[in-house]
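One structure below.
Note that these values count all heavy atoms, side chains included, but never hydrogens, waters or copies made by symmetry. In what follows, chains are A, B, ... by sequence order, proteins preceding strands, each numbered from 1.
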Amino acid sequence: MRYAYFPGCSAASTGISFTLSASYVAKRIGLELVEMPDWCCCGTSAALVTSRDLAHALPARSLALAEQAGLDLDVVTPCAGCFSSLKRTVHYARQSDKNRHRLEEIIELPYAATADVMSLLEVMARPEAMEPLAAAITKSLNGLRVASYYGCALVRPQEVTCFDDPEDPQSMDSLMELAGAEPVRWAFKTECCGASHQISEPHGARRLIARVFENAAANGAEAIAVACPLCMLNLDMREAGINESRAVPFDIPVFYFTELLGLAMGGSARRLGIDRHFWPTGKAVRKALAPPPEPSPDNHSTSELPQEVTVA
Amino acid sequence: MSRIGVFICHCGSNIGATVDVPKVVEAARTLPHVVYADDNKYTCSDPGQQSIRDAIEEHDLDRIVIASCSPRMHELTFRKMLHQTRINPYLLEIANIREQCSWVHKDIEAGTAKAIDLVRMAAAKIDRDTPLYTTTIPVNKRALVIGGGIAGMQAALDIADAGYPVTLVEKEPSLGGKMVMLDKTFPTMDCSACICTPKMAEVGTHPRIEVRTCAEVEKVAGYVGNFEVTIREAPKHVDYELCTGCGLCESKCPTKITSEFDQGLGKRKAIYKPFAQAVPSKPTIDAAHCRKINEGKCGVCEKLCPTGAIRFDDEEKRSTETYGAIIVAIGYQLIDWADLYGEYGGRVASPNVITGLQFERLVNASGPTEGHIQRPSDGTEPKSVVIVKCVGSRDPHKGKAYCSRACCMYGAKHAHQYLDKVPDGRCYVFYMDVRTPGKGYDEFYMNTQRDGAVYLRGRVSKIYEQGGKLVCLGEDTLAGATVQVEADLVVLETAMVPADDADRLGSMLGVTRDKDLWLSEAHPKLRPVETNSGGVYLAGTCQGPKDIPDTVAQASAAAMKVCILFSKDELESNAMIAGSDVGLCNGCGACVAICPYQAVTLEEVTRRENSVMVTRTVSNVNPGLCQGCGACTVACKPGAMDLKGFSDEQIMREVEALCL
């Protein structure tokens, strides 16, 4: 498993925990990520509202440079926003030679659009990754009730993303199950987190976060797993603020799915970046890693608290 | 040497506006063998036809070309005209200079040039036309109706009342179809069962109608007037000759199964009548669930039956009979929304998200709740109901692009019924448009709004359970706002889609299916109940979504067509059919494989070839079955197969006239 890697702007900043945990997991399952040369901003929603050409040209430039460097690999990106931008560009370029030539003209580089773009979630949910994952997972997460939150960009529009069910996706749920967590059946898997409206339209957008927590709580979730740095930021950073106006506050920590996989592989909270979260994760991590309360003779669980667990 | 007459039609300004007709006439006069050419304002009119007849006499014409509208429009008209002359009706070619020329072009010069090309091709082709003659085939005056819903029953009754015997085949244990599941019918709110069950009884007792339930059509051979149909009857495990329908067996049967008739909301026994007024009013054993049949234990029904009618060893029956005409009335089914709408909960949706047909059973006095509207999850009365229209219809992205036609009224009826039974309840209807064409329909919809139903224009984007309620997220596009409605019960008005059997039956009968698998009528306007297969007619929703009045009207129309067919003792066969040249045929069988009507067979012939008697396998066309589609002529490698009126020779002359 070898992929070209498009980190995106959040990888070394707001999404550092995603990077830490993803590389921890990748190393243990033989997933090699080769960073693309001189990659630039994917354009995100800002480029899309500015100019359609710009929104396609920015990802095309990064993809074309990888081609030029002889990086004959499919592209993987951890960020759902980058995934959406890159995937949209490949889709556009493959629609017609006219489209592709237009991009080549703008970026002044040849671009063949041969490489596919995948999200990190899609790559990890593939059978060739699930197998080594199953082998590398040494601890069960003790049936921690995890609500998998895919957000809007990973599965939609389906004609472009070609990944999982757009209304009731299952890939992250099966990864959580593999790690010994109990996937929560809930209704808000693909609802919007408010994205950047949380900054520009905070009043209306906060409600979008609140209802995600509401539905997760109503369905008994003890944690939420995400696969997008912006979902993470919006949920994790703003949970405290949302609780200020609630009689009964939420207490649901938010994890990158790779963090939970890493925990199940025996990784420490510090190593995986879990100690960098805003909302305390201690209770959920303790439940996930606690030895079964009354071990019976036929229970083969080997859960033990790892030596280096540090809890935020 | 042929003597061709060419007649160019202006069709008012339909052709005249884009084609310079006098110029086409001029050009036609210069074509080989054309001895006369003229134009006419309306060729199909009486004076138009008379002028052709006069020209035939005056100029001793022996074949004619008419350049006008599509042959689908008036070829038959002009053939009938030729019947009154000495020219064979098949020595006629139509050059379509309207639909395929004047209507689709704007430039007069180019339009005229194309019209001249089309006329030149037709004149070249008709030079090689030969007279064709029809033969007669006998008509077997028995009708087969497939499907015992309201359409099939109406058609069977009409044909039987006209004096012809009918066999009605129904795959379920009872007649009635979907209509008998409905509680009330819009817009008059008369009880569906009250108007449907008398028809069922009438069908069941009619001296000229033979009803076969639990039966399916397995094989159809033959052609109009002479269909050989094999009907398979599943074992009922009850001897209907002995059974009196007392119901003792059903009351004591220990096995309870989800009722199909109650749409999964109620229970039935393993020996059962689907509903109280079933016709025939006798039970059948569901072999898949019967303990005696599966485990060898029980047999209570057999012990109790006062007439000894139970037959656990009953077997499937097959019979082959001859019919002159077939009416297909296999109806519809509802789209499986759960696979398409994950946002409404999909396969793991709340039990309180139900379909319109399930609501019908809930609100029906003989339904599982005796007409009390209750939530399937806990049996409580819902205080707020959301009705979602266009689920699976008018939604090409998820379901079907077409409008399902009956659901606007169906939804309004459900809202009305709910508000009638739960006066303090609230009812919200999400809609895209309200389409209520029909007598008394819009008035009904207005009344429903006056009843208090809140109509919200927009689709529902999500339905999920939270806090014991079904939260419906949607949009009110008139207010320009998103809305959230908390409901106790959600009713989805789902799209009608073709019955499972439509594809299989369609290909067996040679009836084409449209892109959504609805069975296709022969002409969308002028032949709405006929199909492209002679002697096969359509009734009801198998042809497309419709409500009960339209279904009944179409069923009577189909019955009328059958009666017209049966009013003759013999039929004129199609003259333009395929024929094989035995001398050229090498018996490869490509024609047999490609024929959609099973009209071509291989047979052995012994004949003299090069002074020697030889026996060879060659193809043979059944003139009753052949519909003249021409597929075999293209598949035939040695060029033995020719379509009369469209021979390879004629087509080549046409191509030469265009290209050389």
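- B:Lys383 NZ: more than 12 foreign heavy atoms inside a 6.0 Å radius.
- For B:Ile463, no part lies near chain A; criterion is any non-hydrogen pair under 4.5 Å.
- Residue B:Val471 does not touch chain A at all, counting heavy-atom pairs closer than 4.5 Å.
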Compile a table of inter-chain donor-acceptor pairs under 3.5 Å between chain B and chain A, counting both main-chain and side-chain atoms.
residue, atom, partner, partner atom, Å
B:Lys398, NZ, A:Glu167, OE2, 3.4
B:Lys462, NZ, A:Ala187, O, 2.5
B:Lys462, NZ, A:Glu191, OE2, 3.1
B:Gln466, OE1, A:Asn215, ND2, 2.6

